[in-house]
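Chain A is the first sequence line, chain B the second, and so forth, proteins listed ahead of strands; every chain is numbered from 1.
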Amino acid sequence: MNNLRNLRGTVDLLPNQLIKWQNVEKIILEQLSRSSIKEIRTPILEMTELFIRGIGEGTDVVSKEMYTFLDRGERSCTLRPEGTASVARALIQNGISSNPLQKLWYMGPMFRYERPQAGRQRQFHQLGVEFIGYESVRSDVEIIALAWDILGKLGIQELNLEINTLGDINDRLNFQKSFVNWLEKNKNSLDLDSQNRINKNPLRILDSKNIQTKKILENAPRLFNFLSEKSLKRYSNLKKQLEVLNIPYLENQNLVRGLDYYTHTAFEITSGALGTQSTVCGGGRYDDLIKQMGGGNTPAIGFAIGLERLILLAGKELGVPRNTDIYIINQGLIAESLAINLSRKLRNYDLLVELDLSGASFSKQFKRANKLKSKSIIVIGDDEATNNVFKIRLFNEESFGNREETISFANDTKLENWLKTNLL
RNA sequence: GCGGGCGUCGCCAAGUGGUUAAGGCAGCGGCUUGUGGCGCCGCUAUUCGGGGGUUCGAAUCCCCUCGCUCGCCCCA
């Protein structure tokens, strides 16, 4: 056996799997286009510094999950672990001030160096959407609705939307001060991971899954109690509007999400069907990120959907391949070129045409046509080539046996009529 | 990074110390090089993830290693 293998945590997507991917992507793209959201493509490779500054040094993603290496010029490069930082960078670099309001999407591979498991790979794919320059609650609602609708268009059932608010920077700093204080006092009761986070990333302790820690946290100060009037108002407006749209949500005060840049709204969409990695969509508002990265004061909100997880959730019917409409059986030099020409003509009718290129025996070619469940076949051999005709017939159960029709290559009308009665 | 499970053909597998490593699916060839579904016949692992050891003898026992997988942490 071969010792040349793909890298751990990467996968080959084979033709039969890609049918489902392509269908899912098509549905997504249609919905994005209808929502007037424009595509942006940024490099997969960026300076390491971008993610450290954008995502935050204390985050798990940056501290232990990045695919980082030195290039030949000794520059530290990183394969992007997420898309928002790159988009922000691209906008700043290309001068967003000329158009501060933009709705953008991107789709592509992301990389995180973790142990693979169900629903988690080192190279995975995300669809990301970012609304840049929008501050209103309406934009929060629209972006959540968009994520919700994309999942809906794919026929995915039984999703849970969880929401929370993290307040603005001041709310957060006030809370953090008091929270860290409390944590220090109760340090010994916390699990080890949480103890280590006290100084690095205290907010993340909030959604610890350690049972003991969870219990102790019940008595900790709550972020919610540190929110300003304005932040609270914003949050209740969000909830009201979601209710108007009939989008069901659950409030989860422990939902803080992993990245430093979030402010106000944070949300997640999960599905029980995914097993332990249940999040299919995660997002939130990041009003300070672009300014922090050197741009102007630009509020923004976005989300990312994990495509692998989406594919797991999407129905089987999206993975069904399109049937061959016409299989062209051909043999002999002249027949070959006639066949190629005919296949081109037929494809103009948006038919799926499979041209046999093997030169194998007729019976072999028939068997292949049958294996592909082709709806019809065309036969061109020496006899036909000599007379400048081809034979065509349906190839299903009922038409078993010979009921061929002979059509001249010059007689396009007859061909078109046959197609119209039988295939189109 | 830490736990659990597993590694026999492209896929699913039998085999648990004794001459040639079942079988099924898929694939390829033939019966049938001008007409497909069925059937029949044949071919496809000197080798059991890799290395070392025990033994007269190992896919089967032991050690190491690699890989896959599920879970923890965390995320998509």
Side-chain angles (χ1 to χ4, degrees), chain A residues 1-9 11 14 16 55 59-65 80-84 107-128 147 191-194 196-197 201 204-205 207-211 213 255-259 268-271 274-283 303-313 327 329-332 335 356 358-374 376-385 391 393-404:
Chain A
M1 249 169 298
N2 209 322
N3 52 5
L4 245 33
R5 295 183 53 90
N6 60 320
L7 287 169
R8 161 172 262 193
V11 298
L14 302 174
N16 59 348
I55 299 172
T59 61
D60 283 359
V61 170
V62 169
S63 64
K64 58 180 197 188
E65 293 170 6
R80 62 180 186 194
E82 56 106 49
T84 304
M107 191 150 56
M110 305 291 164
F111 303 81
R112 301 223 297 221
Y113 194 93
E114 298 179 88
R115 287 286 286 271
Q117 66 185 79
R120 167 188 292 166
Q121 294 162 197
R122 286 184 175 178
Q123 178 179 344
F124 61 104
H125 298 79
Q126 281 187 340
L127 158 72
D191 62 283
L192 243 126
D193 272 328
S194 296
N196 288 330
R197 284 205 183 95
N201 199 346
R204 290 226 49 73
I205 298 176
D207 64 358
S208 166
K209 274 156 198 139
N210 183 286
I211 296 169
T213 300
L255 177 69
V256 299
R257 305 197 45 75
L259 315 180
E268 231 171 71
I269 300 173
T270 60
S271 163
L274 283 173
T276 176
Q277 304 302 328
S278 59
T279 305
V280 64
C281 173
F303 69 76
I305 287 178
L307 261 28
E308 278 77 5
R309 292 178 188 176
L310 196 59
I311 299 287
L312 286 173
L313 293 173
Y327 193 96
I329 291 164
N330 65 100
Q331 202 180 53
D356 194 304
S358 69
S361 69
F362 276 98
S363 83
K364 194 114 287 172
Q365 294 192 44
F366 275 94
K367 279 179 183 158
R368 285 196 194 121
N370 185 243
K371 195 157 288 173
L372 286 178
K373 295 190 170 65
S374 183
S376 65
I377 54 158
I378 282 174
V379 181
I380 313 171
D382 290 336
D383 298 349
E384 288 80 9
K391 288 179 179 152
R393 73 170 163 96
L394 285 173
F395 202 58
N396 50 26
E397 296 281 329
E398 300 80 57
S399 72
F400 194 82
N402 276 343
R403 251 197 275 148
E404 290 168 332

Provide the Watson-Crick or G-U wobble partner of [N], both distances under 3.5 Å; none if there is no partner.
N	answer
G1(B)	C72(B)
G42(B)	C28(B)
G67(B)	C6(B)
A14(B)	none
A59(B)	none

Discussion item. Taking 5.5 Å and 30° as the limits, would you call Phe366(A) and the base of G36(B) a stacked pair?
Written reply: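 No, Phe366(A) does not stack on the base of G36(B).
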
Using a cut-off of strictly less than 4.0 Å, decide whether [X] has a side-chain nitrogen or oxygen near OP1 or OP2 of [N].
X	N	result
Gln331(A)	G34(B)	no
Arg115(A)	G71(B)	no
Gln117(A)	G71(B)	yes
Lys373(A)	G36(B)	no
Ser361(A)	G34(B)	no
Lys364(A)	G30(B)	yes

Item to complete: Determine the sole option in Leu372(A), Val379(A), Ile378(A), Asn370(A) for which the side-chain contact (heavy atoms from CB on, under 4.5 Å) test with Tyr327(A) is passed.
Response: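 Of the listed options, the one satisfying the test is Leu372(A).
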
To the nearest Å, give me how far apart [atom1] ([X]) and [atom2] ([N]) are.
X	N	atom1	atom2	answer
Asn16(A)	A26(B)	CG	C1'	13 Å
Asp382(A)	G34(B)	CG	P	11 Å
Arg122(A)	G67(B)	CZ	P	9 Å
Leu7(A)	G67(B)	CG	P	10 Å
Glu114(A)	A76(B)	CD	P	10 Å

Worksheet item: On the ring face of Tyr113(A), is Arg122(A) found with NZ or CZ under 6.0 Å from the centre and within 45° of the axis?
Response: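 Positive - Arg122(A) is close enough to the ring of Tyr113(A) and near enough to its axis.
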
Counting distance alone, no hydrogens or angles: does the base of [N] have a donor or acceptor under 3.5 Å from a partner atom on the side chain of [X]?
X	N	result
Glu384(A)	G34(B)	yes
Glu268(A)	A76(B)	no
Gln277(A)	C74(B)	yes

Side-chain heavy-atom pair [X], [Y] within 4.5 angstrom cut-off:
X	Y	result
Ile329(A)	Asp356(A)	no
Pro109(A)	His125(A)	yes
Met107(A)	Ile305(A)	no

Item to complete: Using the C1' atom as the reference point in each nucleotide, state the distance between A59(B) and U8(B) in Å, no decimals.
Response: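 The same atom, C1', in both gives a distance of 7 Å.
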
If you only use heavy atoms from C-beta on, which nucleotide in [options] is closest to the side chain of [X]?
X	options	result
Glu404(A)	U35(B), A76(B), C68(B)	U35(B)
Phe124(A)	A76(B), C70(B), C73(B)	A76(B)
Lys371(A)	U32(B), G27(B), U33(B)	G27(B)
Thr276(A)	C74(B), U35(B), U69(B)	C74(B)

Worksheet item: Passes side chain to side chain contact (heavy atoms under 4.5 Å, CB included), Gln331(A) versus Asp382(A)? Steps please.
Response: CA-CA 7 Å; Gln331(A) 202 180 53; Asp382(A) 290 336; over 6 Å; no

Discussion item. With nearest nucleotide decided by heavy atoms, which residue, Arg120(A) or Pro116(A), maps closer to the 5′ end of RNA chain B?
Written reply: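 Of the two residues, Pro116(A) wins.
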
Worksheet entry | 5′-ward residue of the pair Gly283(A)/Ala360(A) relative to RNA chain B |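 Residue closer to the 5' terminus by nearest nucleotide: Ala360(A).
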
